[in-house]
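What follows is one structure encoded as structure tokens, with my remarks underneath.
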Amino acid sequence: MANANLLQAQVSSISPVYSGEVPQYQLSYTTASETGSELYDIVVFATPLQASVRSGVQFQGFTPAFEELPGNYHSTVATIVHGYLNTSFFGFPDPRLFPFASVLTTETLDLFFNSVASVCPVNISTGFRRKQPQEAGVYKVFSPQPLDKAQLKTLFRSYYSVQVTEWQAYPCYGSSQALSPVELHPNLYYLNGIELAGSAMEMSSVAAKNIALLAYHRWNRQTDMVDQKDLMHRIKTEL
Ligand SMILES: Cc1cc2nc3c(=O)[nH]c(=O)nc-3n(C[C@H](O)[C@H](O)[C@H](O)COP(=O)(O)OP(=O)(O)OC[C@H]3O[C@@H](n4cnc5c(N)ncnc54)[C@H](O)[C@@H]3O)c2cc1C
């Protein structure tokens, strides 16, 4: 067993504490019942640190001062609707003839939505059948802005419920931006820089594994295991 202690808390600040060769980190946090502070040898940030995402973490006492990570996150509104899809809007007056589970779009200035997709439960029971377009189903709409009533009535003939969540979904991508550093400071790591290469759960898992290995090797001073020049060659030869 890892003997780990999980603390469910909102981290409000981090500051380096110099007593030995390498800094430790003082983290201040708030739980549901108290505020507290704890000293750590290794810290991994696993949330975007760009200002627009508002992680709420203050970097205090870093020399040089910790600079905000460049770039912005793209805002996407997810609207979950339980209702009847207006298939006429997509060119199918008879919903029974509508053959699609998802409608995806490409960026068009006047278009108020990015996609509409029928949603299935996460755990599909035996005998599960996707709702047909003539039946009331659950749909997920992604859009750049919250949908107003007229837009909802355009996409749905009628609906029972609507839930809206605005996400800072993924970085604004460009062809010339650099990746964020993985090591922000000695033994202080940053996971979400990988989202600049691709924003998906698998990417975060890959970054997490790499950072765990890197932190382990750095902590144990196994420098020969870091940035191994012939690694790609050896992996290919093994295959
Ligand atoms: C609408 C939408 C749809 C998506 N669809 C897919 C998909 O279909 N497939 C896919 O692979 N990926 C999808 N993604 C991307 C996927 O959600 C992300 O790649 C993934 O969640 C990143 O995981 P993460 O753990 O790095 O970060 P996050 O999931 O963002 O987790 C960061 C965590 O840090 C916590 N946190 C933030 N600040 C603090 C603080 N100060 N103190 C303590 N905790 C803090 C947050 O509460 C959060 O729990 C989608 C994303 C969005 C927004």
Side-chain angles (χ1 to χ4, degrees), residues 6-11 30-33 46-57 71-173 191-192 194-196 198-205 207-208:
L6 174 66
L7 197 61
Q8 289 207 321
Q10 182 79 18
V11 176
T30 311
T31 67
S33 56
T47 190
L49 291 174
Q50 276 82 358
S52 65
V53 183
R54 295 187 288 274
S55 72
V57 182
N72 279 312
Y73 265 59
H74 191 89
S75 161
T76 290
V77 180
T79 305
I80 306 295
V81 181
H82 180 205
Y84 294 88
L85 190 69
N86 180 13
T87 53
S88 299
F89 178 65
F90 300 105
F92 291 83
D94 183 347
R96 286 167 303 177
L97 301 180
F98 185 74
F100 307 115
S102 312
V103 177
L104 310 176
T105 69
T106 49
E107 193 169 353
T108 311
L109 215 54
D110 293 336
L111 198 59
F112 61 89
F113 71 98
N114 305 122
S115 64
V116 183
S118 140
V119 176
C120 292
V122 174
N123 298 313
I124 294 179
S125 53
T126 38
F128 171 80
R129 187 179 59 84
R130 192 189 278 275
K131 285 274 191 287
Q132 298 303 298
Q134 67 272 20
E135 301 173 294
V138 179
Y139 293 87
K140 177 180 67 180
V141 184
F142 283 154
S143 58
Q145 304 291 335
L147 301 176
D148 62 27
K149 205 156 189 161
Q151 290 166 338
L152 277 168
K153 293 294 285 181
T154 303
L155 293 176
F156 296 92
R157 281 187 286 134
S158 64
Y159 48 83
Y160 298 111
S161 67
V162 177
Q163 286 175 30
V164 184
T165 309
E166 187 163 347
W167 297 95
Q168 293 298 305
Y170 50 86
C172 298
Y173 292 110
L191 193 146
N192 294 69
I194 200 153
E195 289 193 80
L196 284 155
S199 177
M201 288 181 278
E202 302 92 307
M203 297 297 283
S204 286
S205 306

Just verifying a value: how many Å separate [X] [atom1] and [Y] [atom2], rounded to the nearest 0.5 Å?
X	Y	atom1	atom2	value
K140	T79	NZ	OG1	11.5 Å
Q50	C172	CD	SG	9.5 Å
F113	T154	CZ	OG1	9.5 Å
D148	K153	CG	NZ	12.5 Å
S143	F112	OG	CZ	8.5 Å
S52	L49	OG	CG	11.0 Å

Output field: ring centroids F156/Y139 closer than 6.0 Å: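 Yes: the rings meet the under 6.0 Å criterion.
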Taking all heavy atoms of [X] and all of [Y], pick out the closest pair and write down the distance.
X	Y	value
Q145	V77	C-CG2, 3.7 Å
P133	R157	O-NH2, 4.1 Å
S55	P48	CB-O, 3.9 Å
E195	A169	OE1-O, 4.3 Å
N192	A46	OD1-C, 2.9 Å
S204	L191	O-CD2, 3.8 Å

Side chain to side chain donor-acceptor pair (under 3.5 Å) partners of residues 123-135, not counting sequence neighbours, each pair once: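 Of all non-adjacent pairs touching residues 123-135, those that pass side chain to side chain donor-acceptor pair (under 3.5 Å) are S118-R130, R129-E135.
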Residue list, side-chain hydrogen bond (donor to acceptor under 3.5 Å, both in side chains) with T87, at least two apart or on another chain: none
Donor-acceptor contact present, side-chain T165 to main-chain A78, <3.5 Å: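 Judged by distance alone, no pair lies under 3.5 Å.
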Main-chain N/O of D110 paired to T108 side chain as donor or acceptor, under 3.5 Å: no
Flag side-chain contact, heavy atom, 4.5 Å: H74 against P171: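 Contact flag for H74/P171 side chains = no.
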Test side-chain contact (heavy atoms from CB on, under 4.5 Å) applied to F90 and L155, step by step: CA-CA 9 Å; F90 300 105; L155 293 176; 3.9 Å; yes
Within 6.0 Å of OH in Y173, more than 12 heavy atoms from elsewhere: yes
Test side-chain contact (heavy atoms from CB on, under 4.5 Å) applied to F98 and V103, step by step: CA-CA 11 Å; F98 185 74; V103 177; 4.0 Å; yes
